[in-house]
There are 2 protein chains.
Amino acid sequence: MNKAEIPRKTVYRLSVYYRVLLALKNIDTVSSEALATAAGVKSTQLRKDLAYFGQLGTRGLGYSVPALTARLSEVLGAARLQPVILVGAGHLGSALLRYGGFAKEGFEVVAAFDLDASRERARDLSIPVYSMENLPAFITEKKIKLAILTVPGAVAQEVCNNLIKSGVQAILNFAPVVLHTPEQIVVKNVDLAIELENLSYFIR
Amino acid sequence: MNKAEIPRKTVYRLSVYYRVLLALKNIDTVSSEALATAAGVKSTQLRKDLAYFGQLGTRGLGYSVPALTARLSEVLGAARLQPVILVGAGHLGSALLRYGGFAKEGFEVVAAFDLDASRERARDLSIPVYSMENLPAFITEKKIKLAILTVPGAVAQEVCNNLIKSGVQAILNFAPVVLHTPEQIVVKNVDLAIELENLSYFIR
DNA sequence: CTGTGTGAAGGCTTTCACAGCC
DNA sequence: GGCTGTGAAAGCCTTCACACAG
């Protein structure tokens with residue numbers, strides 16, 4: 001049950017299963033087949049994934065929806081209580097702040113940072129926007145470990161370095177550059193142009 | 001050189017290499033080691049990836065930056081000339097339209113669609129926003145194959161079905177649901193809450 | 001001697017096949 | 001009988017080791 005033993009892809013799918021389960025909360029029991037189909041995977045894959053966490057199902061019957069939901073919430077739960085900051089309140093950054101998709105899922109974006117804290121776009125946000133110079137102190141004081149990076153590519157590496165120096169351990173990077181970080185830092189890149197290019201390539 | 005033989009992950013990395021190369025355009029020659037480091041991968045991986053497209057390097061010397069850039073542009077080029085539509089001009093959708101990261105990379109978002117085409121947020125966009133009822137005709141007439149889906153989760157599957165029915169072949173999906181599509185349709189999910197949850201899980 | 005190209009080995013993930021339990 | 005849990009097999013991707021070209 002050591003975290004390190006669980007493949008990253010499995011953890012990713014657990015998040016998907018969890019969301020599918022939430023939509024099934026009026027049901028008692030679900031088979032691996034039904035849940036897997038809803039989640040877009042094969043049933044054997046789902047069973048293998050869930051088996052990392054012990055015997056969760058009942059043979060001949062399936063999985064208890066409430067019990068499985070609770071177990072996944074427990075496994076992923078700590079993850080969803082992290083405070084998050086967003087750095088770079090441009091078009092994309094401020095849209096993500098307004099988007100609400102994070103808060104709905106249990107993440108609290110506690111503050112945003114931008115070179116120009118009074119930036120027009122930030123006016124009607126409910127989340128405070130601070131100047132970049134306040135960034136290190138904020139991270140240290142609030143023990144922030146997770147950051148969303150939506151600054152221009154040209155400054156992304158520099159800002160990234162500052163984040164890490166202050167104690168950030170994981171970064172969701174929207175800047176279209178390859179960030180170079182120490183090995184223990186977790187980075188997930190979301191490069192929209194590359195995603196489009198990749199999709200487009202596979203249109204036959 | 002059949003497309004089908006090239007792993008999806010390799011194609012993804014080609015896009016990364018291409019962008020790194022663009023930043024190196026004042027240099028003549030680059031070694032796999034240097035390029036790989038800049039792209040955040042191992043040099044053997046880069047050489048394997050490039051070898052899918054024939055002998056691109058010179059032994060003992062490295063790769064010609066202009067020649068390699070041209071070759072990758074050729075391989076990925078067709079991908080970047082696709083017209084794209086965006087469906088759902090809410091916070092996230094309209095931010096993506098304004099973001100500009102697509103156009104800069106050669107993608108043209110030719111139109112957006114929303115239930116309310118006159119929606120406040122869409123006012124100052126340079127891209128036309130049409131009502132959803134115009135969607136099927138537009139896709140058919142302009143032979144659109146690629147769509148960005150930024151509608152609420154509750155209607156995503158329905159909208160997705162309509163897109164496919166009209167001829168869309170690939171979807172970049174931001175709605176937090178699992179889309180069920182025919183096998184030949186390519187879907188890439190970008191679920192921001194799941195990405196955050198996943199990152200957060202791996203903070204030790 | 002340097003740095004690419006590549007068959008072989010290794011590692012990781014998915015799928016299969018079926019044993020085991022309700 | 002039905003459906004989960006799981007060792008074994010298969011498949012895929014990455015890394016190694018080194019042959020080979022400049």
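By convention in this document, chain letters (A, B, ...) are assigned in the order of the sequence lines, proteins followed by strands, and residues within each chain are numbered from 1.
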Handout entry: Value in whole Å for how far the P atom of C:dG5 lies from CG of B:L61
Key = 11 Å
Exercise for the section: Compare side-chain N and O positions of B:R47 against OP1 and OP2 of D:dC18 and report whether any pair is under 4.0 Å apart. Expected result: no
Problem - Separation of C:dC12 P from A:E5 CD (nearest whole Å) - result: 12 Å
Exercise for the section: State which of C:dC16, D:dA21, D:dC13 makes the closest approach to the side chain of B:R59. Expected result: D:dA21
Problem - Atom-to-atom span, OH of A:Y12 to P of C:dT14 - whole angstrom - result: 13 Å
Exercise for the section: Taking atom types as modelled, find out whether A:Y12 and B:E197 have a side-chain donor-acceptor pair closer than 3.5 angstrom. Expected result: no
Exercise for the section: Among C:dT15, C:dA17, D:dT15, find the nucleotide with the atom closest to the side chain of B:K42. Expected result: D:dT15
Problem - Options C:dT15, D:dG22, C:dT4, nucleotide nearest the side-chain atoms of B:S32 - result: C:dT4
Fill in the blank from the handout: Rounded to whole Å, the CD1-C1' distance (B:I6 to D:dT14) equals 17 Å
Handout entry: Atom-to-atom span, CD of A:Q45 to C1' of D:dG7 - whole angstrom
Key = 17 Å
Can I get a per-line list of side-chain donor-acceptor pairs under 3.5 Å for residues 141-156 of chain B, giving both atom names and the distance, sequence neighbours left out?
from   : atom 1 : to    : atom 2 : distance (Å)
B:T150 : OG1    : B:V87 : O      : 3.2
B:T150 : OG1    : B:G88 : O      : 2.5

Handout entry: Atom-pair distance (CZ on B:R13; P on D:dC13), nearest Å
Key = 9 Å
Exercise for the section: Go through D:dC13, C:dG5, C:dG7 for me and flag the one nearest to the B:K48 side chain. Expected result: C:dG7
Practice task
Choose from D:dG5, D:dT6, C:dG5 the nucleotide whose nearest atom is closest to any side-chain atom of A:Y63.
Solution key: D:dG5
Fill in the blank from the handout: Side-chain atoms of A:T44 come closest, of C:dC16, C:dG3, D:dA17, to C:dC16
Fill in the blank from the handout: Out of C:dG5, D:dT14, C:dC18, minimum distance to the side chain of B:Q55 belongs to C:dG5
Exercise for the section: Identify whether any heavy atom of B:L56 sits under 4.0 Å from a base atom; if not, whether one sits that close to sugar-phosphate; answer base, sugar-phosphate or nothing. Expected result: sugar-phosphate
Practice task
Describe, in one word, how the ring planes of A:F113 and A:F138 are oriented to each other, choosing from parallel (under 30°), tilted (30 to 60°) and perpendicular (over 60°).
Solution key: perpendicular
Problem - Residue pair B:V11 / B:V75, side-chain heavy-atom distance below 4.5 Å - result: no
Exercise for the section: Starting from P on D:dT15, measure out to NZ on B:K9 and report it in whole angstrom. Expected result: 10 Å
Exercise for the section: Hey, which sits more toward the 5' end of DNA chain C by its nearest nucleotide, A:T58 or A:D49? Expected result: A:D49
Let me check something: any side-chain donor-acceptor pairs from residues 179-189 of chain A under 3.5 Å, sequence neighbours excluded? List them with distances.
from   : atom 1 : to     : atom 2 : distance (Å)
A:H180 : NE2    : B:A38  : O      : 3.4
A:N189 : OD1    : A:N173 : ND2    : 2.8

Completion exercise
Between CG of B:L46 and C1' of D:dT15 the distance, given in whole Å, is 14 Å
Exercise for the section: Pick base, sugar-phosphate or nothing for A:R8, based on heavy-atom distances below 4.0 Å to the nucleic acid. Expected result: nothing
